[in-house]
Amino acid sequence: MLRTHTCGELRKSHVGQIVKLCGWVDHQRDQGGLAFLWLRDRFGKTQITFSPEAGSSPEEAQQLLEQARGLRQEFVIAVEAEVMQRPEGGENKALATGEIELRPLKLEILNRSDVPPVQPSIPELPSEEIRLQYRFLDLRRPDMQKALELRHRMVKIMRDYTDEHGFLEVETPVLGRSTPEGARDYLVPSRVHPGRFFALPQSPQLYKQLLMIAGYDRYVQVARCFRDEDLRADRQPEFTQLDIEMSFITIEDIMGMMDGLMARLAKEVLGLELQLPLPKMSYQDAMERFGHDAPDLRFGMEIVDLTDIAGQCDFRVFRETADAGKRVRAIVVKGSADEFSRKRIDELTLWTQENFGVKGLAWFKLADEKTLQSPIAKNFDAPLHEKIIERLGMAVGDVAFIVADTFETSCRALNGLRRRLGKELKLYDPATMHFSWIVDFPMLEFDEEEKRWVAVHHPFTSPLPEDAHLLDTDPRAARAAAYDIIINGFEAGGGSIRIHDNALQRKVFGLLDIDEETAKDRFGFLLDALRFGAPPHGGIALGVDRLAMIFAGLDSIRDVIAFPKTAKATDLMTGAPGSVDEKQLNELRLDVKK
RNA sequence: GGAGAUGUAGCGCAAUUGGUUAGCGCGUCGGCCUGUCACGCCGAAGGUUGCGGGUUCAAGUCCCGUCAUCUUCGCCA
């Protein structure tokens, strides 16, 4: 047996025992006649003390000390040792094993290490580039190990919870067929069928619906999904979702099931009691009040509409915006006017223009309780000043930022501004967690570029029953039976009640400009299945990586993924994607031209 | 596809307005130290400043291009 215990488990109660430990040399301290060494594995660290009492004789003690001096960071060693209580006052409270130390009897080097570019023993982080290139070393860092452990616990809770509620985990294919609706697919060429391709799943959406039709009510899968789109701090080209589908249910049933799961995760992982049911907000409300369908509700700073007042002022930009049916909207920063010098406002204006395409960013401060102060203030008469101050609820010391543009652009700009200011001005405690549902999404939106309707959620989403008739008369107004779960401004998951009626599904395909032939070719199996007793069903998918990131209080999804990819979707460690032999290409009958 | 930031020793960083031999900490190597806790002392080695071009008497510093990493807009049914 190489070891009897891990590096994290020895306590006072083990004192006197002879144990065997294996691990990596974390760091050392040589004091001449006395040396200390910390042995690390993913369970913890244990101190080994090389003193004249080591071994069974002074000669052995000296030999062990010499051996210890030859050790370097990240060497892999095995020690046989006696567990000793540390001398009075020599405990290390920062270490779980800090009450004991090991008196070594035998030491063996199992493997050596080059000087590591990443030092797991120091808290200072190397650049992300180095971390990803030497991920196997970065993963030795206790922070990474904690993050992956937390992720494991969350997934375990998800599996336990769904199992206890009668869910069945079913695996669905990774090699499927491409459905160009939605995100770009990762394609896999077929050798057996030259010129034809599999697609990696963007989600197991259709398979889980087919499982419902097959009668496998209450399906769950921890599913890997792939999307060939550009990355972000919270987006990877391959990611994991907790995929769920249920039959004979209502929206409330699914939300209730997820509320329970969230409460359990919050309780067991963070020790937080969630108030259930989780609050709900309509999409329309979210856009009006926060400018985004995944608002960060940990702080206020709600958007206020000024369009009607703007229509009465002499400031041409505002009046013309209002007259054109666009919007003039504002957010107010409470009590921080002093922090917004002209220079800072200019910088914010430029940032807003460059990132969100607004033409400008207007602002008001208060000169006194009744008078606005701003380069554009003179374009407003006194009653308008008072109206604006009242509408915005401004007090002296507040500053308001106003965007005049289309509804969509003002949403983007004000949401961006709101998030940035909320973070910069520390308007919320980063440790708080805010869960909510966003409901009543529109079912369709018009894609101006492609000049056609596209599904906001996906083409299999059912309209709300009371809105189904709008598909014939006013598709824009039809609301979907869809819902997103939002945590701290992140979309942590989303789902919908699906269409289970063949005719309705065909009608929606028609609205989406998918003609009968294409629908049959791409989704024929679904349309077929819908003719053979499809039960009403619906489900949800939770972003496992994002949930783990949020619960761990981290800013990047990469920190909860063992082997993540860079912003350009490459793997710095393996070099993937790599080139392949001509032989492989020939077998696939692929011709790669640069 | 666009925008911004960054790139200097194995790692993290510094280097006035362009101006001697590019510094500091950690690590590495050598020496000393009997109670340390990533943190004692002394000494040494270690650099094509991402890469290519340009401006200049002189470039880590300015300009152009390029590559990489991060952030972000577009994109992400």
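The chains referred to below are lettered A, B, ... by the order of the sequence lines, with proteins before strands, and numbering in each begins at 1.
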With heavy atoms under 4.0 Å as the rule, sort Thr566(A) into base, sugar-phosphate or nothing. sugar-phosphate
With a 4.0 Å cut-off on heavy atoms, is Arg420(A) in touch with a base, just the backbone sugar-phosphate, or nothing at all? nothing
Does Glu101(A) contact G35(B) through a side-chain donor or acceptor facing the base, at a distance under 3.5 Å? yes
Is any side-chain nitrogen or oxygen of Arg29(A) closer than 4.0 Å to OP1 or OP2 of U34(B)? no
Below 30° counts as parallel, above 60° as perpendicular, anything between as tilted: where do the rings of Phe460(A) and His458(A) land? tilted
Taking only the P atom of each, what is the distance from G23(B) to G46(B) in whole angstrom? 13 Å
Scan Pro87(A) against the nucleic acid and name what it touches under 4.0 Å (heavy atoms): base, sugar-phosphate only, or nothing. base
Shortest non-hydrogen contact from Arg135(A) to Ile561(A)? NH2-O, 2.8 Å
Have a look at Pro459(A) and say if it touches a base, only the backbone sugar-phosphate, or nothing, with a 4.0 Å heavy-atom cut-off. base
Using only heavy-atom distances, decide whether a donor-acceptor pair under 3.5 angstrom links the side-chain of Arg131(A) to the base of C11(B). no
For Leu231(A), report the nucleic acid contact type (base, sugar-phosphate, nothing); a contact means any heavy atom under 4.0 Å. nothing
Taking only N and O in the side chain of Arg72(A), is any of them less than 4.0 Å away from OP1 or OP2 of C29(B)? yes
What are the residues of residues 482-504 of chain A, sorted by number, that bring a heavy atom to within less than 4.0 Å of RNA chain B? none
Using a cut-off of 4.0 Å on non-hydrogen atoms, how would the nucleic acid contact of Asp30(A) be classed: base, sugar-phosphate, or nothing? base
Taking the C1' atom of each, how far is U56(B) from C62(B), in whole Å? 10 Å
Which residue lies toward the 5' end of RNA chain B, Thr49(A) or Glu128(A), if each is placed at its nearest nucleotide? Thr49(A)
Can you sort out the partners of Arg42(A) under side-chain hydrogen bond (donor to acceptor under 3.5 Å, both in side chains), two or more places apart, ordered by chain and number? none
Nearest-nucleotide wise, let me know which of Val115(A) and Asp555(A) is further upstream toward the 5' end of RNA chain B. Val115(A)
Give me the atom names and distance for the closest heavy-atom approach of Ile109(A) to Ile77(A). CA-CG2, 4.1 Å
Describe the nucleic acid contact of Ser203(A) in one word from base, sugar-phosphate, nothing, applying a heavy-atom distance below 4.0 Å. base
If you measure from the C1' atom in G25(B) to the same atom in A14(B), how many Å do you get, rounded? 11 Å
Inter-nucleotide C1' distance (U28(B), C64(B)), Å rounded: 39 Å
Across the strands shown, which category fits Trp351(A) at heavy-atom distances under 4.0 angstrom: base, sugar-phosphate, nothing? nothing
Classify the ring geometry between His27(A) and Trp38(A) as parallel (under 30°), tilted (30 to 60°) or perpendicular (over 60°). parallel
Show me the pairs that pass ring pair (Phe, Tyr, Trp, His ring centres under 6.0 Å) and involve residues 498-522 of chain A, at least two apart or across chains. Phe509(A)-Phe523(A)
For U66(B), the nucleotide meeting Watson-Crick or G-U wobble distances (both under 3.5 Å) is G50(B)
Which part of the nucleic acid, if any, lies within reach of Asn92(A) when heavy atoms closer than 4.0 Å are counted: base, sugar-phosphate only, or nothing? base
Per the side-chain contact (heavy atoms from CB on, under 4.5 Å) rule, which among Val403(A), Ile303(A), Val358(A) passes with Ser410(A)? Val403(A)
Who does C75(B) pair with, Watson-Crick or G-U, both distances under 3.5 Å? none
Counting any heavy atom closer than 4.0 Å, what does Thr570(A) reach on the DNA or RNA strands: base, sugar-phosphate only, or nothing? sugar-phosphate
Just call it for Leu572(A): base, sugar-phosphate, or nothing, with non-hydrogen atoms closer than 4.0 Å on any strand. sugar-phosphate
Once you apply a heavy-atom cut-off of 4.0 Å, does Arg232(A) come out as touching a base, just sugar-phosphate, or nothing? base
Remember a base hit wins even if backbone is also touched, and classify Val118(A) as base, sugar-phosphate or nothing at under 4.0 Å, heavy atoms. nothing
